[in-house]
Amino acid sequence: MKKLGIEIKWAAILTCLTVLWFLGEKLIGFHNPDNQSISSILLGIFGLYGLVFACYFFAYKEKKSVIFQNNWSIKEAFKFGLLLTSMVAMLNPIAQYIMYTSIAPDYFENKILYLQENN
């Protein structure tokens, strides 16, 4: 279980951080039709990808040091990445449900209004 525990832990952390990022965007006001500039969109996209990259980096670092004692092959690292990505993908529908029903149920209506006004 310890070998699979790191993947489960980091998949849960990454999913929770994604939901918290979305909540932060909502609290700052990036989901309002009045406050949807290109800078807020770029911050949302690149900031989230930076967060995901950092999580994957720390997950790889932990797996390498705890399980493989700093000695693992490319094949083992690839398997770890594939398994971690699969687990994140399985948890993603739960995160999407939370984000678009609880945090910002009017997100898509606001986005449609903004796109109609600004072509």
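Computed from heavy atoms alone, side chains included, the values below leave out hydrogens, waters and symmetry copies.
To the nearest 0.5 Å, atoms CD (Gln96) and CG (Leu91) are separated by 12.0 Å. Distance check: Ile103 CD1 to Lys26 NZ gives 9.5 Å after rounding to the nearest 0.5 Å. Rounding to the nearest 0.5 angstrom, the gap separating the NZ atom in Lys9 from the CG atom in Leu84 is 11.5 Å. Of the inter-residue distances, the one linking Ile6 atom CD1 with Lys64 atom NZ reads 13.5 Å to the nearest 0.5 angstrom.
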Checklist entry - What's the verdict on side-chain contact (heavy atoms from CB on, under 4.5 Å) for Trp10 and Lys63, showing C-alpha distance, side-chain angles and the deciding distance? => result CA-CA 10 Å; Trp10 280 101; Lys63 181 76 170 195; over 6 Å; no
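Listed here is the closest heavy atom pair of Asn70 and Ser65: OD1-CA, 3.6 Å. Smallest separation of non-hydrogen atoms from Cys55 and Ile13: SG-CG2, 4.5 Å. In this structure, Thr18 and Met99 approach most closely via the heavy-atom pair O-SD, 4.0 Å.
Partners of Leu82 by side-chain contact (heavy atoms from CB on, under 4.5 Å), not counting sequence neighbours, listed by chain and number: Phe78.
In this structure, Phe80 and Tyr60 have perpendicular ring planes: the angle between them is above 60°, well past the 30° mark. Tyr107 and Tyr100 have tilted rings, their planes meeting at an angle from 30° to 60° on a 0 to 90° scale. Ring-plane geometry between Phe68 and Trp72 is classed as tilted, the angle between the planes lying from 30 to 60 degrees on a 0 to 90 degree scale.
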